[in-house]
Structure formats: structure tokens, C-alpha cells
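What follows is a set of notes on a single structure, which appears directly below.
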Amino acid sequence: MSSDLRISADRLLRRLEELAVHGDSGDGGVCRLAASDEDRAARDQFRAWLQDLGCELAIDPIGNIFGRMPGRRPGPPVMTGSHLDTVTTGGRLDGAYGVLAGLEVLATLRDAGITPACDLSVAAFTNEEGVRFTPDMMGSLVLAGGYPLADALSRQDSAGKTLGEELQRIGYAGAAPMESLRPGCFVELHIEQGPVLEAEGLQVAAVENLQGISWTQVEIRGQANHAGTTPMSLRRDAGYVAGSLARFLRELADDMGPPQVATCGRIELEPNVINVIPRRALVTVDLRNVVEDRLQEAEARLQSWLEQAAVEEGVEIESEILARFEPVDFHQEVVGVIEREARSLGLASRRMTSGAGHDAQMMARICPAAMIFVPSVAGVSHSPRETSLEADLVAGANLLLHSMLSLAESGVAGTP
Ligand code: HGY
Ligand code: MN
Ligand code: MN
């Protein structure tokens with residue numbers, strides 16, 4: 001019976017290493033920005049593994065890649081998946097682990113000659129990180145109908161290249177109709193990227209909700225002048241406002257208390273030289289909270305701080321929302337299946353909230369969805385130091401296997 005079925009640990013761990021070659025940053029990490037040459041290489045590798053598996057392959061117009069295995073009954077698939085793109089200083093597991101564990105689930109069923117109760121599919125979504133093109137979770141958001149395809153394809157990177165041009169260039173501007181690709185239910189396996197599971201000595205978590213995200217780009221325009229001759233009272237210093245904004249964000253998060261978080265991830269100054277008062281600053285703000293009206297409160301306090309700073313320093317400030325997603329509650333039935341299958345596998349688990357954004361939050365807009373987490377060593381992620389214990393990676397993949405089989409049997413994915 002399939003309850004004894006286990007994935008091939010060797011094949012999963014080997015493929016994680018083989019995929020990490022694409023974008024290898026030389027320090028144990030990976031830099032594989034969306035629609036870059038490194039992303040193309042990883043996509044090509046994933047596609048080759050899907051073809052070796054005999055999966056039905058599809059690529060949609062935003063470059064999402066899907067591998068599908070037919071089940072005993074027709075209809076929308078139970079889907080898993082994640083992303084192959086990384087942040088600039090990424091690790092080997094963020095995204096890639098969920099994609100390759102999904103591939104491993106299909107390979108395990110093929111090797112065992114098991115036909116699932118309904119179609120299963122694995123997806124690699126385009127531009128989850130949003131580092132090169134904003135917003136993040138873009139490919140899954142477009143598939144979910146939350147962002148017009150034309151708008152997404154027109155988003156530009158800092159060099160002025162559009163996502164559409166870049167997908168054409170790397171050969172992943174697909175044509176598969178999205179309607180036929182949408183899942184009937186979705187479960188994503190991902191590293192926790194935080195300290196909780198390791199601290200509690202747990203191997204897996206059933207993720208039941210995910211916090212809201214607000215990304216803002218702030219442009220501050222002051223006046224360049226001589227650093228030595230300009231009296232402090234006459235300055236319109238964009239650099240000073242940028243630095244003060246970073247401090248304000250820390251004070252805001254401290255004042256609001258957990259789970260509010262606030263991050264100033266980028267500060268770019270012009271002309272960025274030692275003896276010139278900066279005339280311009282470009283600053284990014286990342287605000288997150290699991291409660292929507294608290295996130296709105298943080299956004300409102302940011303805007304009033306910016307208005308006051310502009311008056312006090314005599315600078316012009318313009319802000320642009322780059323991404324805004326409300327908190328998401330995942331589907332209780334899917335969470336329950338994950339917990340039940342964890343118990344059957346003898347894995348101690350807990351429910352938890354995701355601090356990071358994930359493609360699952362976009363699939364939750366169109367079907368029952370939830371996530372599985374495995375521990376991150378020292379809670380580190382978005383860093384070359386990102387790693388997880390092999391035993392946990394294998395345990396998570398086995399839980400994904402049995403959760404998907406159980407969801408296929410349950411019929412939660414719906415009928416055609
Ligand atoms: O920003 C996030 O939470 C995700 O890694 N894109
Ligand atoms: Mn991720
Ligand atoms: Mn990430």
C-alpha cells in the first residue's frame with residue numbers, strides 16, 4: 001500500500017546540488033534572478049527532468065512551468081510547486097526545494113507504478129522573489145488572475161529591460177492557456193526561513209496563515225552641495241532623510257511590537273561621493289503584519305513621517321507602492337491533511353504563520369491551499385548560509401508526497 005511509500009532521498013539531495021550550480025555564487029549560495037541566464041539554465045534543467053519523467057509539460061505566457069501526471073479521474077490537479085529564482089544573495093533551498101520535492105513526488109509515483117486518484121502537477125512559478133521585477137510572487141499572482149499579464153510583462157528592471165523581453169530572450173514566453181493549468185488544490189513545501197521549528201526541535205509545520213506585505217519605494221530629492229562649505233542650516237540633505245527613515249522604521253516596529261516588522265533593504269544615494277551632500281536618495285520599505293488593519297496603521301504612520309520629513313528638511317518626497325498583499329488564511333482542510341499525514345509519518349508538527357511571502361498565498365485566491373515548512377538551520381535564509389538538515393528535507397518531501405496523495409483521494413481538488 002502507498003502508506004509505506006517514501007521518496008528517493010539520494011535523488012532529491014543530488015538534484016538540489018545539481019540545480020545549485022546554476023547561479024552558484026561561489027560562497028555556498030546562489031544568485032539566480034528572474035529571467036536571467038542563470039534562471040534559464042535552472043529552468044532548462046527542471047524541464048529536462050520533467051521530460052525524463054514523461055510528464056505533460058506546459059509553459060504559460062508569464063513563463064510559469066508546469067509538469068503534470070494524469071490521475072485515475074480527470075479534473076483540476078492537486079498541484080505543488082514553488083520558484084527557481086532567488087534573491088541576489090540567495091541560498092540553495094529557497095524555492096528550489098519546493099520545486100524539486102514536487103518533482104520527486106512525481107518520480108516516486110512513477111517508479112512505484114502508482115496512478116494517483118486525480119492529476120498531480122508541479123509548478124515552477126516565475127519571479128517569486130520580486131528582486132529584479134516587482135511585485136514579488138508575480139507568476140503565481142498572474143496565474144491566479146490577480147495581476148494583468150500585460151502589466152506584468154511590461155515591468156522593467158533597473159536596466160530598463162522588461163520581463164516580457166527577458167522571457168522571450170530566455171525562451172520561456174509560453175503559450176499554454178492559464179485556465180487549463182489552474183490547480184484544484186495547492187500545497188507548497190518550503191524551508192521555514194526563520195528560527196521557530198529548530199528552536200522547538202520539530203521537523204515539520206503545517207502553515208495555516210501568512211502575513212500581509214507592503215513594499216514601498218521612496219524617492220527623496222534634495223540639493224547637492226559642498227560638504228565643507230554648506231552650513232548645516234542651509235542643507236536639503238536627501239542622505240540625511242534616507243538614514244532617518246531607516247531609523248524611523250526600526251522605531252515604528254518597536255513601538256507597534258511583534259509581529260510588526262519593518263525593513264529598509266535598499267538605500268541608493270546620488271552622487272554617492274564623500275564630499276557632496278546627496279541630492280537624491282532611493283529607499284525601499286518592506287512592512288509586514290499578520291493583521292491587516294495593523295499593517296494599514298504602519299503604512300499610515302510611514303506616510304505621515306514622510307510628509308513631516310519633507311517639510312523639516314525642505315526636500316521633495318515621492319513614494320510608489322511596489323507590492324501590496326493582504327494577510328492570507330490557508331484552507332483548514334488542507335492544513336488538517338498535512339497534520340494527519342505528519343502524524344502517520346511519525347513527524348511531530350505544529351501550526352504556524354509564514355513571515356515570508358510565497359506562491360501558495362496566490363494559489364489560495366483560486367483554490368484550497370496550504371504549506372509545509374521544514375526547519376532552517378539557525379533560522380537563516382536569503383543568505384548563502386541558508387541550509388537545512390538533510391533528514392528534515394527528506395521528511396518534508398515525504399510529507400508532501402503523502403499529503404498530495406491524500407488530497408487527491410479526498411476530492412478536495414474538485415471535479416472538472
Ligand atoms: O519577500 C518574500 O517574503 C519572498 O521571499 N518573496
Ligand atoms: Mn521562497
Ligand atoms: Mn525568498
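Below, all heavy atoms of this structure are taken into account, side chains as well, without hydrogens, waters or symmetry copies. We count ligands from 1, going down the list as the structure has it; atoms in each ligand are counted the same way.
- Closest approach of Gly160 to Glu165, counting heavy atoms only: O-OE1, 4.5 Å.
- Put simply, the side chain of Gln361 gets close to the backbone of His358: a donor and an acceptor are under 3.5 Å apart.
- With waters neither drawn nor counted, the protein N/O/S atoms under 2.8 Å from the Mn ion (ligand 2) amount to 3.
- Look at Glu18 and Arg15 and you find no salt bridge, because none of the NZ, NE, NH1 or NH2 atoms lies under 4.0 Å from a carboxylate O.
- The pair Glu219-Arg221 meets the salt-bridge criterion, since a charged nitrogen lies less than 4.0 angstrom from a carboxylate oxygen.
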One line per pair, note the atom names and distance for all nitrogen or oxygen contacts under 3.5 Å between ligand 1 and the protein.
unit_1	atom_1	unit_2	atom_2	d
ligand 1	1 (O)	Arg288	NH2	2.8
ligand 1	3 (O)	Arg288	NH1	2.7
ligand 1	3 (O)	Arg288	NH2	3.3
ligand 1	3 (O)	Gly357	N	2.7
ligand 1	5 (O)	Glu129	OE1	2.9
ligand 1	5 (O)	His382	NE2	3.4
ligand 1	6 (N)	Glu128	O	3.4
ligand 1	6 (N)	Glu128	OE1	3.4
ligand 1	6 (N)	Glu128	OE2	3.3
ligand 1	6 (N)	Glu129	OE1	3.3
ligand 1	6 (N)	Asp136	OD2	3.4

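- Side-chain N or O atoms of Arg72 include one that pairs as donor or acceptor with a backbone N or O of Thr115 at under 3.5 Å.
- Shown here are the salt bridge (Lys or Arg N to Asp or Glu O under 4.0 Å) partners of Arg340, two or more places apart in sequence or in another chain: there are none.
- Looking at Glu316, its side chain never comes within 3.5 Å of a backbone N or O of Gly222 through a donor-acceptor pair.
- Not counting sequence neighbours, Asn127 has no partner by the side-chain hydrogen bond (donor to acceptor under 3.5 Å, both in side chains) test.
- The pair Asp286-Arg288 meets the salt-bridge criterion, since a charged nitrogen lies less than 4.0 angstrom from a carboxylate oxygen.
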